[in-house]
**Student:** 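One structure, as structure tokens, below. Some questions next.
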Protein chains: 2
Amino acid sequence: MQLAGNARPGDAVGNRSRRSSGRPTLADVASRAGVGTITVSRALRDPERVSSELRERIDAAITALGYVLNPNARALASARADVIGVLIPSLTNNVFAEVLRGIHDGLGDSALQIQFGNTHYSADEEERLLRVFLGQRPSALIVSGIDQLPATRRLLETAGCPVVQIMETGPNPIDMMVGFSHFDGGQQATEHMLQIGCRRIGFLGARMDPRSQRRLAGYRAAFRATGVFDELLVTTTPSPSSVSMGAYLFRQAISKAPGLDGVVCNNDDLALGVLFECNRQGISVPDRICIAGYNDLEMMAVAYPSLTSIRTPRYEVGRQAIAMIRAALAGDRPEQVIVDLGFELKVRESTTRQ
Amino acid sequence: MQLAGNARPGDAVGNRSRRSSGRPTLADVASRAGVGTITVSRALRDPERVSSELRERIDAAITALGYVLNPNARALASARADVIGVLIPSLTNNVFAEVLRGIHDGLGDSALQIQFGNTHYSADEEERLLRVFLGQRPSALIVSGIDQLPATRRLLETAGCPVVQIMETGPNPIDMMVGFSHFDGGQQATEHMLQIGCRRIGFLGARMDPRSQRRLAGYRAAFRATGVFDELLVTTTPSPSSVSMGAYLFRQAISKAPGLDGVVCNNDDLALGVLFECNRQGISVPDRICIAGYNDLEMMAVAYPSLTSIRTPRYEVGRQAIAMIRAALAGDRPEQVIVDLGFELKVRESTTRQ
DNA sequence: TTGTAAGCGTTATCAA
DNA sequence: TTGATAACGCTTACAA
């Protein structure tokens with residue numbers, strides 16, 4: 001990396017205008033290697049198509065010059081940026097942070113970059129960001145959930161690139177989908193509690209975005225088969241989810257729904273808050289109150305008592321989304337465009353009664 | 001937005017080559033408004049410098065055409081991308097997720113975009129990503145911590161754009177710095193425990209990145225003044241931090257350091273794990289063991305007993321970093337290039353003895 | 001397999 | 001204040 005010594009090859013110094021960035025360009029590499037610029041371009045994109053002799057000379061020149069390709073010039077010339085636009089509703093929600101981690105890991109050594117947008121759970125903001133992203137002609141797009149606005153959906157349908165809806169599955173994919181059923185998760189957690197003998201099972205929910213709504217719907221469905229339902233058992237808030245919100249909602253629930261003997265929570269933060277509040281009030285878990293969370297964050301298994309939860313494959317969702325995009329970009333679009341990664345009910349001490 | 005109807009103005013259809021993306025360009029806007037392209041460009045960048053009459057015609061044309069500026073072309077022509085490169089060590093660590101949130105919020109309506117890189121706590125990966133970022137000629141760079149490799153530091157010093165080191169402060173800023181002292185945090189938490197009467201205070205640490213090391217150093221320093229130190233009190237692991245790791249480290253600590261009566265934890269996840277383990281083993285908190293965490297995540301105040309922690313201004317660090325960058329980009333570089341945002345010891349039940 | 005010429009859509013330069 | 005022209009660094013189209 002003799003950047004200082006000869007970043008500017010002799011034959012180019014004179015030509016270099018004041019506008020130049022001063023960094024070596026493809027042309028610099030080409031002239032140093034004694035080949036045409038297009039050959040260097042090809043050597044970079046598809047080494048197979050360049051003779052091994054030239055390839056070696058080019059590689060040497062690149063190393064000597066410390067050359068780095070200018071992605072803006074590439075994007076401009078090819079009318080296509082090596083960028084995947086990712087729209088997710090929250091950064092601080094651990095669940096989406098793990099999706100993002102899966103996406104990054106899925107990228108591996110590919111040249112693709114992630115352009116990330118935080119919609120703050122707003123469909124309007126999602127559409128606004130999408131328009132910005134589209135201006136860059138991204139290679140692919142990832143959006144969260146399946147409840148896009150009609151106009152957003154139209155934009156995505158005509159985006160001219162692979163689109164993956166993540167975290168949920170449903171009937172009408174825009175293009176591809178990777179996720180799991182939130183309805184089933186809510187239902188299964190509730191059925192499990194009914195099975196172990198709970199009768200007055202509350203539902204605690206915060207934020208209540210579309211996925212939360214479907215978990216709630218699943219909870220209601222579980223009662224239709226077995227239990228006796230009471231609207232007072234449901235306690236929700238549009239406010240963001242947090243551990244303290246879990247404690248707060250539980251206080252509300254227990255005061256308005258007499259005989260409460262279990263709570264199905266919208267997510268793990270709420271569940272942890274419920275556990276703490278039970279500890280504080282001296283309410284025994286699981287003897288008097290059973291608790292179930294959603295997502296199965298790492299802490300659930302360690303809590304005392306350990307907390308039952310629905311394990312969701314969020315990291316895998318990110319990886320799978322990228323895998324499908326890379327396949328589509330490589331020309332072989334996956335046959336299965338709707339991938340349901342499922343979930344797993346992790347039964348722990350908080351719903352285990354002797 | 002009559003995109004469908006006349007996205008391609010009549011006078012441009014014939015000229016448009018097959019390479020074109022099909023989207024309206026600056027030239028399309030210009031010809032529709034009856035002005036030169038450069039005038040449209042100016043109207044976009046600095047409306048003040050264009051007469052109000054032309055500005056109106058241009059705005060009308062932009063709306064009619066549904067024009068969106070091509071950032072790649074802009075970056076290529078100006079040799080400068082409206083991108084801020086952000087290098088942080090982890091995505092799933094809640095602390096950095098909040099820094100990122102602060103950064104995003106600090107951006108507000110500015111045209112700046114974030115390009116994010118995950119170093120996975122590796123200095124080599126940091127340098128590799130930095131080289132990639134530098135290829136895009138970013139408007140500014142944000143890096144985590146103050147322990148860059150010498151070569152990384154040199155790259156940053158010659159990057160030719162504002163650079164902010166975040167999450168820590170120290171003596172030799174590359175350019176600017178926003179953070180707080182981890183040494184002081186570790187020291188203050190430990191001194192607090194010594195004050196309330198603990199004598200055998202353990203230190204639990206995971207990951208042990210440079211910031212963790214300095215917290216540990218602060219912990220040691222607290223003993224120098226008051227307590228009697230014993231190397232057996234320190235239990236660390238290079239493995240990532242987690243709640244279960246907290247429980248695990250505590251089991252180790254209590255078995256090797258007889259008489260342990262308090263633990264200062266590297267972060268809140270570990271502290272929560274300690275609390276759960278104490279619950280599990282029937283060890284009373286704070287009567288027999290006092291606990292302190294680090295960062296003061298939201299759950300700490302809700303836990304039962306509530307957990308003492310060092311409140312760190314991570315969201316504010318992100319906002320402040322962007323504020324300093326925007327100021328520098330606007331031409332008035334902050335006078336104070338090292339900003340120490342401080343921290344606050346939050347004393348709670350886990351270190352409150354009657 | 002390699003090269004030439006002509007863009008890609010914007011902005012810097014210089015002139016009017 | 002406005003505009004014509006030439007970059008910016010790369011890739012597509014076409015030719016050899």
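Here the structure is a predicted model, which means the values were calculated and not measured. Numbered from 1 within each chain, the chains take letters A, B, ... in sequence-line order.
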**Student:** Could you list the residues that satisfy salt bridge (Lys or Arg N to Asp or Glu O under 4.0 Å) with A/Glu157, not counting sequence neighbours?
**Tutor:** A/Arg153

**Student:** Name the closest nucleotide to the B/Ile38 side chain, picking from D/dC8, D/dC10, C/dA12.
**Tutor:** C/dA12

**Student:** Taking only N and O in the side chain of A/Arg49, is any of them less than 4.0 Å away from OP1 or OP2 of C/dT1?
**Tutor:** no

**Student:** Mind calculating the distance between CG (B/Asn70) and C1' (D/dG9) to the nearest angstrom?
**Tutor:** 14 Å

**Student:** Could you please name the option among C/dT1, D/dT12, D/dG9 that lies closest to any side-chain atom of A/Ser51?
**Tutor:** C/dT1

**Student:** Does a side-chain N or O of B/Thr37 approach OP1 or OP2 of D/dA4 to a distance below 4.0 Å, or not?
**Tutor:** no

**Student:** Rounded to the Å, how far apart are A/Asp46 CG and C/dT2 P?
**Tutor:** 12 Å

**Student:** Between D/dC10 atom P and B/Gln136 atom CD, what is the distance in whole Å?
**Tutor:** 13 Å

**Student:** For A/Leu54 and B/Ala75, find the nucleotide of DNA chain C closest to each by heavy atoms; which residue's nucleotide sits nearer the 5' end?
**Tutor:** A/Leu54

**Student:** Would you mind reading off the distance between B/Leu44 atom CG and C/dG9 atom P, rounded to a whole angstrom?
**Tutor:** 15 Å

**Student:** In plain terms, say whether A/Asp332 and A/Arg326 are close enough for a salt bridge, that is, a side-chain N and a carboxylate O under 4.0 Å apart.
**Tutor:** no

**Student:** Tell me which nucleotide among C/dG3, D/dT11, C/dT11 gets nearest to the side chain of A/Val35.
**Tutor:** C/dG3

**Student:** Got a sec, which residues hit salt bridge (Lys or Arg N to Asp or Glu O under 4.0 Å) with A/Asp124, two or more places apart in sequence or on another chain?
**Tutor:** none

**Student:** State whether a side-chain donor-acceptor pair under 3.5 Å links A/Thr152 with A/Glu127.
**Tutor:** yes

**Student:** Counting only side-chain heavy atoms from C-beta out, which of D/dG9, C/dG3, D/dT2 sits nearest to A/Arg42?
**Tutor:** C/dG3

**Student:** Return the value, rounded to whole Å, for the distance between atom CG of B/Leu26 and atom C1' of D/dC8.
**Tutor:** 15 Å

**Student:** Of all the choices, D/dG9, C/dA12, C/dG9, which nucleotide is nearest to the side chain of B/Ser78 once you look at every atom?
**Tutor:** C/dA12

**Student:** Rounded to the nearest angstrom, tell me the gap between atom CD1 in B/Ile58 and atom C1' in D/dG3.
**Tutor:** 12 Å

**Student:** Round to the nearest Å and state the distance from A/Leu76 atom CG to D/dC10 atom P.
**Tutor:** 12 Å

**Student:** Start with the C-alpha gap between B/Arg23 and B/Tyr67, add the side-chain angles, then the distance that decides, and say whether side-chain contact (heavy atoms from CB on, under 4.5 Å) holds.
**Tutor:** CA-CA 8 Å; B/Arg23 309 195 59 158; B/Tyr67 169 75; over 6 Å; no

**Student:** Counting the atoms with a prime plus P, OP1 and OP2 as sugar-phosphate, which does B/Arg45 contact under 4.0 Å by heavy atoms, base, sugar-phosphate, or nothing?
**Tutor:** sugar-phosphate

**Student:** Counting only side-chain heavy atoms from C-beta out, which of C/dG3, D/dT11, D/dT2 sits nearest to A/Thr39?
**Tutor:** C/dG3

**Student:** With respect to A/Leu141, which candidate in A/Val86, A/Leu130, A/Ile84, A/Asp175 satisfies the side-chain contact (heavy atoms from CB on, under 4.5 Å) definition?
**Tutor:** A/Leu130

**Student:** For the pair made of CG in B/Asn72 and P in D/dA7, what is the distance, rounded to whole Å?
**Tutor:** 22 Å

**Student:** If you only use heavy atoms from C-beta on, which nucleotide in C/dT10, D/dC10, C/dA12 is closest to the side chain of B/Ala73?
**Tutor:** C/dT10

**Student:** At under 4.0 Å, does any side-chain N or O of B/Ser41 touch on OP1 or OP2 of C/dT10?
**Tutor:** no

**Student:** Would you mind telling me which of C/dT2, D/dT11, C/dG9 lies closest to the side-chain atoms of A/Leu69?
**Tutor:** D/dT11

